[in-house]
Chemist: 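Here it is, the structure in full.
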Amino acid sequence: MSKQFDVVVIGGGPGGYIAAIRAAQLGMNVACIDEWKNAKGGPAPGGTCTNVGCIPSKALLQSSEHFDHANHHFADHGISAKDVTIDIAKMLGRKDAVVKQNNDGILYLLKKNKVSFFHGRGSFVKAAEGGHEIKVAGAAEETLVGKQVIVATGSNARALAGVPFDEKNVLSNDGALRIEVVPKKLVLIGSGVIGLEMGSVWRRLGAEVTILEGLPTFLGAVDEQIAKEAKKAFDKQGLKIELGVKVGEIKNSAKGVSVAFTNAKGEAQAIEADKLIVSIGRVPNTIGLNAEGVGLQLDERGAIVVDADCRTNLPGVWAVGDVVRGPMLAHKAEEEGVAVAERIAGQHGHVNFNTIPWVIYTSPEIAWVGRTEQQLKADGVKYKAGTFPFLANGRARALGDTTGMVKFLADAASDEILGVHIVGPMASELIAEAVVAMEFRASSEDIARICHAHPSLSEATKEAALAVEKRTLNF
Ligand code: FAD
Ligand code: NAI
C-alpha cells in the first residue's frame with residue numbers, strides 16, 4: 001500500500017530538508033527521503049554540507065586556527081603558551097559532535113514541521129495517478145506517491161581519471177576531514193575552495209602542504225586584486241601553491257602517494273607525500289535515482305536539466321541544489337528549495353543569482369558578491385572602484401589582523417553597487433551588508449552615508465564605499 005503525499009523530497013541536504021520544511025509551513029503534507037548514514041547506521045540528514053562539507057570543515061578550520069594563534073599570535077598579546085600540542089583525536093571528536101548536533105537538529109526540525117522522514121534511497125518507479133511513484137529502499141521498504149517531487153540529491157567529489165579515492169592515502173573531502181595523524185607532507189590537487197580550506201587546516205596543524213593547480217591563474221573567479229592579496233598572505237604562511245601544473249602519474253602505495261607533475265616552466269617534478277587530497281570539483285549525483293528509467297533529462301555533466309524555476313522535463317518534478325546548474329553552495333541550494341516549495345504552493349518563489357555570496361573560509365577569509373573588475377571590463381561596463389585596507393581600521397588593529405581590504409565596484413553613471421569583494425578578517429560576516437545593499441539596488445553613496453558602529457570591521461566597508469568617490473576619512 002503506497003503512502004500519499006503532496007510533496008516528496010528526495011535528498012535531505014540543505015536543498016532538500018529546507019524545501020521540505022518550507023512546503024510543510026505552506027500547509028502541504030510532505031515526505032523527505034535521505035540515505036546518509038551515521039557511524040551507527042542511523043539517519044544523518046543534512047547531506048554533504050552537514051556531514052562532510054560546510055560544517056565539519058568549519059569546525060576543523062576553527063580548531064586549527066586556535067592552534068595557530070596559540071603557537072604564533074598569543075605572544076603578541078603577552079600570553080606565553082609554551083609546548084602547545086594538539087590532540088587530533090579530540091579535535092576530530094569535537095568535529096563529529098558538531099556534525100551530530102546538526103544532524104539531530106535537522107531531525108528535530110523535520111518532526112516539528114510534521115515532515116515524514118524516510119531513511120533510505122529514493123528512486124523513481126513510474127508516473128502514478130496524480131503524481132509519481134517513489135520507492136524507498138533502506139531501513140524500511142516503502143512506496144510513496146508524491147503529487148510533486150523535488151530532487152535534491154547533491155553532488156560527489158570528482159576523482160582524477162584512474163586514481164580512485166581509497167580515503168586512506170588518496171582522499172576526497174570525506175577522508176580529508178578524518179586524517180588521524182598530521183601528515184608530514186600533504187599534496188592537494190586543485191587550489192579551489194576545498195584545496196585552500198583543507199590545505200589551510202593541515203598546514204596550521206604542522207603538515208608541509210603543496211597545492212598543485214592546473215590553471216595558470218590563482219582563483220580565477222575571484223576579483224584579481226583580491227586574489228593577489230590572498231595569494232600574498234598564503235605565500236607568507238608557507239602554503240605552497242604551484243600554478244599551471246600538469247599532473248602526471250600518481251602512485252598509491254603502503255608508504256604513501258607519489259605525484260608526478262610538470263610545472264609551469266615545463267620541468268618534470270615529483271613529490272612523495274603521506275596523503276593526497278583531490279579537490280578538483282564535484283559532480284552532480286543522480287546515482288540510484290532511476291532518472292533514465294523515467295526519462296528525467298540530464299545534461300552532459302550529469303546534472304538534472306532544469307529551467308530558471310527549477311522545473312525538470314517531467315511534469316510535477318523539480319530539482320534544486322548541487323544536482324542542477326549554478327554554483328554548488330549550500331545557501332544557493334536552500335534558496336532554490338524555498339523558491340520551489342513556494343512555487344508549488346502557487347506563490348512567486350524567487351532566487352536572485354546576482355546576489356549569491358561566496359566565501360572561502362581561509363585566513364584571511366575571502367568573500368564576494370556580484371561582479372569582479374575583470375568581469376565588468378569584459379562586459380564593457382563603465383565602473384568606479386573604491387578600496388579600503390584593514391590596516392587603517394581600528395578594530396582590525398586591535399584584533400591583530402590587518403591583512404586585506406574591502407573593495408567596492410559601482411556603476412560609473414548611476415553609482416549602483418555592482419560588486420563587493422573582501423579579503424580579510426570576518427569577510428564571511430561583512431559580506432552580508434553588501435548582499436543586502438545589492439538586493440535593494442543601493443548605491444555606494446547609500447553605504448557611505450550609513451552610520452556604522454565604531455570600532456568595527458564594518459567601518460572598512462563604509463570607508464571602501466567612501467573611497468568610490470575618493471573621500472575616505474581614515475586613509
Ligand atoms: P547535498 O548536501 O549533497 O545533499 C544531498 C543529500 O541527498 C545527501 O544527504 C545524500 O545522501 C542524499 N541522497 C542522494 N541521492 C539520494 C537518493 N536517491 N535517495 C535518498 N537520498 C539521497 N557550501 C557553502 O555554501 N559553504 C561552505 O562553507 C561549504 N563548504 C563545503 C566544504 C566541503 C568540504 C564540501 C565538499 C562542500 C562545501 N560546500 C559549502 C558545498 C555544499 O556542501 C553543497 O553546495 C551543499 O551541500 C549542496 O546541497 P544539496 O542539498 O544540493 O546536496
Ligand atoms: P573548485 O571548483 O572550487 O576548485 C577546483 C580546482 O581544481 C580549480 O581551481 C581547477 O582549476 C582545479 N583543477 C581541476 N582539475 C584539475 C587537474 N586535473 N589538475 C589540477 N588542477 C585541477 O572545486 P573544489 O575545491 O573541489 O570544491 C567543489 C565545490 O564545493 C566548490 O566549487 C564549491 O562550490 C563547494 N565548496 C564551497 C565552499 C565554501 O563555500 N566555502 C568550501 C568548499 C567547497
Chemist: Can you name the side chain to side chain contact (heavy atoms under 4.5 Å, CB included) partners of K251, sequence neighbours left out?
Modeler: E249, S258

Chemist: Please indicate whether E180 has more than 12 foreign heavy atoms, meaning atoms of other residues, nucleotides or ligands, lying under 6.0 Å from its CD.
Modeler: no

Chemist: F117 vs H119 aromatic rings, parallel, tilted or perpendicular, using cut-offs 30° and 60°?
Modeler: parallel

Chemist: State whether the number of non-hydrogen atoms from other residues, nucleotides or ligands found under 6.0 Å of M328 atom CE is greater than 12.
Modeler: yes

Chemist: Taking side chain to side chain contact (heavy atoms under 4.5 Å, CB included) as the test, write out the residues that go with I106, two or more places apart.
Modeler: Y17, P45, T50, L110

Chemist: Evaluate the side-chain proximity of I18 to V338: yes if any heavy-atom separation is below 4.5 Å, no if none is.
Modeler: yes

Chemist: Could you check if a side-chain atom of N103 sits within less than 4.5 angstrom of a side-chain atom of N51, using non-hydrogen atoms only?
Modeler: yes

Chemist: Atom CD of residue position Q237 - does it have more than 12 heavy atoms of other residues, nucleotides or ligands inside 6.0 Å?
Modeler: yes

Chemist: Let me see the working for R203 and D68 under side chain to side chain contact (heavy atoms under 4.5 Å, CB included), right down to the final yes or no.
Modeler: CA-CA 9 Å; R203 181 204 60 77; D68 193 63; 4.2 Å; yes

Chemist: Indicate yes or no for a side-chain donor-acceptor contact from D299 to the backbone of R301 under 3.5 Å, with no hydrogens or angles considered.
Modeler: yes

Chemist: Which residue, V9, V30, L109, L107, forms the side chain to side chain contact (heavy atoms under 4.5 Å, CB included) with V115?
Modeler: V30

Chemist: Report the residues that fulfil salt bridge (charged side-chain N to carboxylate O under 4.0 Å, His left out) with K100, sequence neighbours left out, ordered by chain and then residue number.
Modeler: D104

Chemist: Is there a side chain to side chain contact (heavy atoms under 4.5 Å, CB included) between R204 and L61? Walk through the geometry before answering.
Modeler: CA-CA 9 Å; R204 291 172 193 164; L61 278 156; 3.6 Å; yes

Chemist: Would you compute the distance between atom CG of N173 and atom OG1 of T48 and round it to the nearest 0.5 angstrom?
Modeler: 7.0 Å

Chemist: Let me know which of T85, V201, V84 forms a side chain to side chain contact (heavy atoms under 4.5 Å, CB included) with F67.
Modeler: V84

Chemist: Starting from the C-alpha separation in whole Å, work towards a yes-or-no answer on side chain to side chain contact (heavy atoms under 4.5 Å, CB included) for I134 and V125.
Modeler: CA-CA 5 Å; I134 307 292; V125 181; 5.9 Å; no

Chemist: Can you tell me if N393 uses its side chain to pair, donor with acceptor, with the backbone of P389 under 3.5 Å?
Modeler: no

Chemist: Taking the side chain from N313 and the backbone from Q297, do they hold a donor-acceptor pair closer than 3.5 Å?
Modeler: yes

Chemist: Nearest 0.5 Å, please: how far is CG in D87 from CZ in R94?
Modeler: 13.5 Å

Chemist: Taking side chain as C-beta onward, heavy atoms only, is E213 less than 4.5 Å from V245?
Modeler: no

Chemist: With a 4.5 Å heavy-atom cut-off, do L196 and L219 have their side chains touching?
Modeler: yes

Chemist: Taking all heavy atoms of V423 and all of P364, pick out the closest pair and write down the distance.
Modeler: CG2-CG, 3.6 Å

Chemist: Would you give the length of the straight line joining atom CG of D322 to atom SG of C49, rounded to the nearest 0.5 angstrom?
Modeler: 9.5 Å

Chemist: Go through the steps for D411 and K382 under the test salt bridge (Lys or Arg N to Asp or Glu O under 4.0 Å), then give the verdict.
Modeler: CA-CA 6 Å; D411 186 273; K382 291 212 166 40; over 6 Å; no

Chemist: Minimum heavy-atom separation for F390 to T403, with atom names?
Modeler: CD1-O, 3.4 Å

Chemist: Taking K275 for its side chain and L171 for its backbone only, find out whether a donor-acceptor pair lies under 3.5 Å.
Modeler: no

Chemist: Does NZ in K58 sit with more than 12 non-hydrogen atoms of other residues, nucleotides or ligands closer than 6.0 Å?
Modeler: yes

Chemist: Mind jotting down which residue pairs meet the salt bridge (Lys or Arg N to Asp or Glu O under 4.0 Å) criterion with at least one end in residues 423-432? Sequence neighbours excluded, please.
Modeler: none

Chemist: How long is the span from the OG1 atom in T210 to the NZ atom in K185, to the nearest 0.5 Å?
Modeler: 7.0 Å

Chemist: Taking the side chain from W202 and the backbone from A176, do they hold a donor-acceptor pair closer than 3.5 Å?
Modeler: yes

Chemist: With side chains defined as the heavy atoms from C-beta onward, is the minimum distance between V222 and H421 less than 4.5 Å?
Modeler: no

Chemist: Can you tell whether the side chains of E342 and R22 come within less than 4.0 Å, N to carboxylate O?
Modeler: yes

Chemist: Counting C-beta onward and ignoring hydrogens, is there a side-chain heavy-atom pair between L177 and M198 closer than 4.5 Å?
Modeler: yes

Chemist: Does K135 come within less than 4.0 Å of E142, counting only side-chain N to carboxylate O?
Modeler: no

Chemist: Check whether any side-chain N or O of E208 sits under 3.5 Å from a backbone N or O of K184 as a donor-acceptor pair, and report yes or no.
Modeler: no

Chemist: For R441, is the CZ atom crowded, meaning more than 12 foreign heavy atoms sit under 6.0 Å from it?
Modeler: no

Chemist: May I have the step-by-step check of side chain to side chain contact (heavy atoms under 4.5 Å, CB included) for V306 and R325, ending in yes or no?
Modeler: CA-CA 8 Å; V306 287; R325 83 287 174 264; 3.5 Å; yes

Chemist: Whether D166 and K168 form a salt bridge (side-chain N of Lys/Arg under 4.0 Å from carboxylate O of Asp/Glu) is what I want to check.
Modeler: no

Chemist: How long is the gap from CD1 on I226 to CD1 on I422, to the nearest 0.5 Å?
Modeler: 8.0 Å

Chemist: Which atom names give the shortest non-hydrogen contact between V420 and I431, and what distance separates them?
Modeler: O-CD1, 3.7 Å

Chemist: Can you tell me if K37 has over 12 outside heavy atoms packed within less than 6.0 Å of its NZ?
Modeler: no

Chemist: Looking at N169 and S253, would you say the former's side chain and the latter's main chain have a donor-acceptor pair under 3.5 Å?
Modeler: yes

Chemist: Between H132 (side chain only) and P315 (backbone N and O only), is there a donor and an acceptor less than 3.5 Å apart?
Modeler: yes

Chemist: Considering all heavy atoms of both residues, which atom of L188 and which atom of G195 are nearest to each other, and what is their separation?
Modeler: CD2-O, 3.7 Å

Chemist: When you check the side-chain N and O atoms of S172 and E167, is any donor under 3.5 Å from an acceptor?
Modeler: yes

Chemist: In Å, rounded to the nearest 0.5 Å, how long is the span from OG of S279 to CD1 of I211?
Modeler: 7.0 Å

Chemist: Using side-chain heavy atoms (C-beta onward) and a distance below 4.5 Å, is I189 in contact with I277?
Modeler: no

Chemist: Indicate yes or no for a side-chain donor-acceptor contact from T153 to the backbone of N285 under 3.5 Å, with no hydrogens or angles considered.
Modeler: yes

Chemist: Between E336 and K332, does at least one N-O distance fall below 4.0 Å, as a salt bridge requires?
Modeler: yes

Chemist: Look at D309 together with R343 and state whether they make a salt bridge at an N to O cut-off of under 4.0 Å.
Modeler: yes

Chemist: Can you list everything that forms a ring pair (Phe, Tyr, Trp, His ring centres under 6.0 Å) with W358? Sequence neighbours excluded, please.
Modeler: W368

Chemist: For V163, enumerate each residue passing the side chain to side chain contact (heavy atoms under 4.5 Å, CB included) test, keeping only those at least two apart in sequence or located in another chain.
Modeler: L160, V170, I250

Chemist: Between the main-chain N or O of I280 and the side-chain N or O of R158, is there a donor-acceptor pair closer than 3.5 Å?
Modeler: yes

Chemist: Given salt bridge (Lys or Arg N to Asp or Glu O under 4.0 Å), test K407 with E373 step by step and report yes or no.
Modeler: CA-CA 10 Å; K407 174 172 179 173; E373 209 168 334; 2.4 Å; yes

